[in-house]
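Note that the numbering runs from 1 along the sequence shown for the chain.
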Amino acid sequence: MLRAKFGLTRSNQVTEMLRTSVPPCVVAVFLIIAVTGCEKKRGEAVVIAKEHIDAALPTAETPNAQSAPSPDEQRRPMRDDEIAVDGYVMKPEVRGTSRDPRALKDEQWIVKVRMLEDGRTFQVPADQAKWEKLRENDRVKVRYRTGKYTGTVWAAEIE
């Protein structure tokens, strides 16, 4: 059918069929995953803490950097002059600065909230204006998504 219409060979026919039928299928699969993988939730929460993290300093990337730990590496105990924040160990004076291991290329304004309905606590990124208005123990409305199978909070925002 395609050969007669467009003068295509068999390999070109397969390529043409894939080109015309794959993109809608790929979009459909992503939509199915998005719809079935997360639940939208909203509710009232109490602000527990606020934190500002400066933008990270620009670094020269190393082309042969190894990020995977070797099997010989041992965990070292945390020193007395270090603190643990969100799974990162750092010195207290580094927290919130551009040398904070959580720092990204842009500044971050983070609000930690506790949901009133279930007591779940998580962090919500906020813009600077909202962050400055909020105080600890303020009540806010939060909209967020949770993974249906893991319960992980994704894409939270303060309304």
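Put simply, CD on Glu39 and CH2 on Trp154 are 14.5 Å apart, with the number rounded to the nearest 0.5 Å. Atom-to-atom distance recorded for Ile53:CD1 and Asp86:CG is 7.5 Å, nearest 0.5 angstrom. The distance from atom CD of Glu44 to atom NZ of Lys141, rounded to the nearest 0.5 Å, is 6.5 Å.
Applying the side-chain contact (heavy atoms from CB on, under 4.5 Å) rule to Glu157 yields the partners Arg143; only residues at least two apart in sequence or on another chain are considered. Legend: residues meeting side-chain contact (heavy atoms from CB on, under 4.5 Å) with Arg114, ordered by chain and number and at least two apart, are Ile48, Thr121. Every side-chain contact (heavy atoms from CB on, under 4.5 Å) that Ala56 has, sequence neighbours left out, goes to Ala103.
Under the 4.5 Å side-chain criterion, counting only non-hydrogen atoms from C-beta, Leu116 is in contact with Val46. Thr146 is listed as a side-chain neighbour of Arg120, based on a closest heavy-atom distance under 4.5 Å.
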Q: Tell me, with the steps shown, if Lys130 and Val140 meet side chain to side chain contact (heavy atoms under 4.5 Å, CB included).
A: CA-CA 11 Å; Lys130 281 184 186 176; Val140 292; over 6 Å; no
Q) Stepwise, does the side chain to side chain contact (heavy atoms under 4.5 Å, CB included) test hold for Met90 with Arg102? A) CA-CA 10 Å; Met90 65 186 90; Arg102 300 170 297 154; 3.9 Å; yes
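Nearest heavy-atom pair, Ser98 versus Leu57, reported as atom, atom and distance to 0.1 Å: OG-CG, 3.5 Å. What you find for Tyr144 and Met115 is that their closest heavy atoms are CE2-CE, 3.6 Å. Summarising the geometry of Trp131 relative to Ile110, their closest heavy-atom pair is NE1-O, 3.4 Å, with the distance given to 0.1 Å. Across every non-hydrogen atom of Arg95 and Ile83, the tightest pair is CD-CD1, 4.1 Å.
Transitive grouping of hydrophobic side chains (ILVMFWY, heavy atoms separated by less than 4.5 Å) brings Val153 and Trp109 into a common cluster. By the criterion of side-chain heavy atoms lying less than 4.5 angstrom apart, applied directly or through intervening Ile, Leu, Val, Met, Phe, Trp or Tyr residues, Val111 is grouped together with Phe122 in one hydrophobic cluster.
Side-chain N or O atoms of Arg99 include none that pairs as donor or acceptor with a backbone N or O of Gly96 at under 3.5 Å. A side-chain donor-acceptor contact under 3.5 Å links Lys50 to the backbone of Leu134.
By the 4.0 Å N-to-carboxylate-O rule, Glu82 lies close enough to Arg76 to be salt-bridged with it.
The number of heavy-atom neighbours closer than 6.0 Å to NZ of Lys91, taken from other residues, nucleotides and ligands shown, is above 12. The number of heavy atoms from other shown groups lying within 6.0 Å of NZ (Lys112) does not exceed 12.
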